[in-house]
Amino acid sequence: MSLSGDFADMAKPALQGYQLWADTVNAHGGLLGRKVDLKVVDDASNPTQAVTNYENLISADKVNLVFGPFSSLLTIPTVTVAHRFGYAFIEPSGAAPQVFSLHLNDVFLAQPAPIISAGDAFANYILSLPKALQPKTAAYPSADDPFTQAIVDVIEARLQAAGIKTVYSTVYSTETVDLSPVVTRIVAAKPDLLVSGTGTADSVAEVKGMIQAHFTPKFVFFTNGPNDPTFTGQVGAANANGIFSTGDWFPEAKTAGNAAFEQAYVAKYGGTAADIDPSAAEAYACGQLLQLVAQRFGNVNNATIISALHHGSWPTVEGNLSWDKDGSPLGSDLVVQWVGGKLLPVYPSADALATPIAKPAWTG
Amino acid sequence: MHLFVQAVIVGILFGGVYALIASGQAMIFGVTRTINFAQAILAILCSFLSFTLFTDFGIDPFLSILILIPAMFALGYAIYVLLLRQLSRWSAELGLLVLYGLGIGIQGVLDFVYGTSTRLITPSYANNSWTVAGFQIPEVRFFAFVLAVAVLAALQVIRQRTRLGRALRATTQNPVAARLLGVDVEQVSAIGMGLGVAAAGAAGPLFGMILSFNGNTQYDLLSKLLSIAVLGGMLSMPGTIVAAVILGVVESVVAAMISPDWSSFSFLVVLFAVLIVRPQGLFGRQLRGAL
C-alpha cells in the first residue's frame with residue numbers, strides 16, 4: 001500500500017478497510033480457523049517499488065494471498081506479478097480499462113463496475129432527458145490519468161455522437177498546479193455541460209474558478225472530488241449542491257454486510273457513516289470475497305479463489321459482484337449528485353435515492 | 001482576444017507572487033553565491049503554517065504574514081549561521097547540496113505532519129471577484145499581487161536607502177572588497193539570507209490561497225524559480241521581478257491559448273533561449289553597472 005508518496009493520503013482509507021476486515025474476521029475466529037495476519041509494505045506510490053514489493057511478498061515472504069494496492073497506476077504493473085506466480089489478485093481500486101486489457105483471468109476488481117461504466121451511466125442520464133432539457137454544448141477538460149480520462153472520453157464520445165457539441169476539450173498533466181487557464185477556457189466557451197476529469201484538488205479549483213467568473217453551467221460532472229469527504233468543506237455545501245459524480249458505495253446502501261461494516265468502521269476509526277471514504281468499503285469488500293470463498297469451498301488457495309470467483313454472484317458491501325474473464329465487473333455504476341447536503345445516487349431511477357436536481361447558481 | 005487579455009491579467013497577478021519568492025532567492029544568491037534550492041519548500045512551509053493559523057486559530061492568511069515574516073527571517077538567519085557560514089569556508093557547492101537536502105528534509109516533515117493531500121487556504125472572501133470591462137479580477141489574486149508589490153518595494157527601499165542595503169549590495173558585488181571597507185560580511189550575509197527567506201514567508205500564504213499545495217508542490221515551484229533567476233539575471237532584483245511577471249504571463253497565456261501541458265514547458269523554452277542568447281539574463285549587465 002502507499003504509506004508514503006503522492007497516494008499516501010488517498011490510500012489510507014483503503015488500508016483502513018483492509019485492517020477493519022482483518023480485525024472483524026479475526027474477532028470471529030479467523031479465516032477457516034486461521035488468524036489473518038496482514039503484512040503491509042509501503043510502495044511509496046511508486047510503480048517500480050510496488051512491483052518489487054509483490055515479488056518479495058510472494059517469492060521471499062511466501063505469503064498465502066495478496067490483495068491489490070491503491071490506484072490503477074499501481075495495479076496495472078502489480079497484477080502481472082501476481083499472475084506470474086498464479087496468485088489471485090482481488091483488488092479494490094484498479095478500475096481503469098488498462099487493468100482489464102491485460103486479459104488476465106486472476107484479477108477481480110471489488111467494485112460493481114469498471115470506470116467506463118461510470119461514463120456510460122452519466123451519458124445515459126443526460127440522453128434520457130427530454131431533448132429540450134438536454135445540454136446543447138459541453139466542455140471536457142481532464143487530467144492525464146487512466147482513471148479520469150477514460151470516463152471523460154466515454155462521455156464525450158457518446159454525447160458528441162448524440163449531437164451535443166463539444167466546445168472545449170483538453171487533457172492536462174496530472175502535475176498541473178494552476179487550473180485557472182483551464183477555467184478561463186471553460187468560462188469563455190460557456191458550455192451547458194461541464195464534464196471534468198478531476199481529482200479533489202482539481203475539482204475544487206474549477207468550482208472556485210467558476211464562482212469567481214460568475215459562471216454556472218447547467219450541468220456539472222466531476223469524475224472525482226465530490227465523493228471526497230472534504231469536498232463540501234472546501235467548496236461550501238451550497239456550491240456542492242447539484243454537482244454530479246460517480247459512485248460505487250454509499251452509507252445508505254442496503255448491500256451485504258454494509259450496516260455491520262459501517263458500525264465497525266465508526267467504532268474503530270470514529271466519525272459517522274457519512275465520513276467513510278468509499279475506498280474503505282472497496283478494500284473491505286476484497287476481504288469479504290475471500291471470506292465467501294472460504295465459506296463456500298472450505299479453502300482459500302489461489303486456484304480455488306480464481307476458479308470460484310469466475311462463477312456466480314458474490315454479495316459484498318459493494319453490491320453483488322461478478323466479473324468477466326478479464327476481471328472487469330459486470331455490474332453498472334450509478335450517477336450520484338449532491339442533493340440537500342448529501343451525495344446520493346440519482347440515476348438509474350431504479351437504484352436512485354433522490355431525484356436529480358438542476359444545478360443552482362454558485363452562491364459565492 | 002478576450003481570452004488572451006484574461007489570461008494576461010491572471011498571469012500578471014500571479015507573477016507578483018512568483019516575483020516575491022524569486023526576489024528572495026536572488027537576494028540569497030547575492031550574499032551567499034549559493035542558489036537556495038530550499039526557497040520553494042520554505043514558501044510552501046509558510047503556506048502550510050498559514051493554513052494552520054487560519055483553520056485552527058482563525059487568523060486571516062493576509063494577517064498571518066505579519067507572524068511569518070519575522071519567523072522566517074529568524075529561520076533564514078539561523079540557516080546561514082548554522083549551516084552555510086561553516087560550509088562556505090570549504091566550498092559553495094557544499095552549501096548548495098545542504099540547501100537541497102534541507103528542502104527534502106522539510107518536505108519530509110510536512111508530509112509527515114500534514115500528509116500528502118493537497119490543501120488550499122479558503123477564507124470567506126476566497127471566491128470573490130470583480131468584473132472590470134468584462135474581465136474577471138479575482139480579489140485574492142489582486143490583493144496578493146498588491147501585497148507582493150508592497151513587500152518588494154519595502155525590500156527595494158531597504159536595499160537602496162539604508163546602510164544595511166548598501167552593505168548588502170556591497171557584499172553582493174564583491175565580498176572581499178566589502179570586508180576591506182569594514183562591512184561585517186558574515187553578519188550582512190546572515191541578514192540577507194534572513195530577508196530572502198522572509199520573502200518566501202510573505203509569499204507562502206498568498207500562494208496557498210491561490211493554488212492547492214502539498215509538499216510535492218515545491219518541485220514545480222522550484223523549476224519556475226530557477227527559470228526566473230536565469231531570465232532575470234542571478235544577481236538582479238529588478239530583473240528577477242520583471243522575469244517573474246513575464247514568465248507568469250507566458251505560462252498563463254500558453255496554458256489558456258494552447259494547452260496547460262505546454263505552460264510549464266514554456267518556462268523551460270524561455271530558460272534555454274535566454275541561456276543561448278543572453279546568458280547573463282535580462283538585467284545582468286545593468287546591475288553590475290549600477291553597483
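Atom set for the values below is all heavy atoms of this structure, side chains included, hydrogens, waters and symmetry mates excluded. Because the structure is a prediction, the values reported are computed rather than measured. Throughout, protein chains are lettered first and strands after them, A, B, ... in sequence-line order, and every chain is numbered starting at 1.
Few gaps surround CZ on B:F62; more than 12 heavy atoms of other groups in view lie less than 6.0 Å from it. B:F4 CZ: 12 or fewer foreign heavy atoms inside a 6.0 Å radius. The environment of A:K136 atom NZ is dense: over 12 non-hydrogen atoms of other residues, nucleotides or ligands sit within 6.0 angstrom. Residue-environment remark: NZ (A:K12) stays at or below the threshold of 12 foreign heavy atoms within 6.0 Å. Atom OH of A:Y269 has more than 12 heavy atoms from other residues, nucleotides or ligands within 6.0 Å.
Taking all atoms of both residues into account, the shortest heavy-atom contact from B:V10 to A:S180 is CG1-OG, 3.5 Å. The shortest heavy-atom contact between A:A201 and B:T118 is CB-OG1, 3.1 Å.
There is no contact between B:D111 and chain A, counting heavy-atom distances below 4.5 Å. Interface remark: B:T131 contributes side-chain atoms only to the contact with chain A (heavy atom separation under 4.5 Å). Contacts of A:T170 with chain B are made by side-chain atoms alone, with heavy-atom separations under 4.5 Å and no backbone atom involved. Only the side chain of A:V204 comes within contact range of chain B, judged by heavy atoms closer than 4.5 Å. Of the two parts of A:A205, neither the backbone nor the side chain holds a non-hydrogen atom closer than 4.5 Å to a non-hydrogen atom of chain B.
From A:T230, atom OG1 reaches atom CG of B:L120 across 10.5 Å, with rounding to the nearest 0.5 Å. Summarising the geometry, atom OG belonging to B:S212 is positioned 8.0 Å from atom CG belonging to A:D202; distances are rounded to the nearest 0.5 Å. Note that CZ of B:R119 is 9.0 Å distant from CD of A:Q234, once rounded to the nearest 0.5 Å. Between the CG atom of B:N127 and the CG atom of A:N239 there is a distance of 6.5 Å, given to the nearest 0.5 Å.
Only one option out of A:K208, A:H214, A:Q212 pairs with B:S129 in a side-chain hydrogen bond (donor to acceptor under 3.5 Å, both in side chains); it is A:H214.
No other option in A:S173, A:S4, A:P141 has as many heavy-atom pairs under 4.5 Å with chain B as A:S173. Chosen from B:A7, B:A126, B:S124, the residue pairing most often with chain A at heavy-atom distances under 4.5 Å is B:A126. Between chain B and the residues A:A188, A:A213, A:A8, the largest count of heavy-atom pairs under 4.5 Å involves A:A213.
In this structure, the side chains of A:P181 and B:E251 stay at 4.5 Å or more apart for every pair of heavy atoms.
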Check against side chain to side chain contact (heavy atoms under 4.5 Å, CB included), A:T184 and B:L3
CA-CA 7 Å; A:T184 300; B:L3 188 65; 3.4 Å; yes
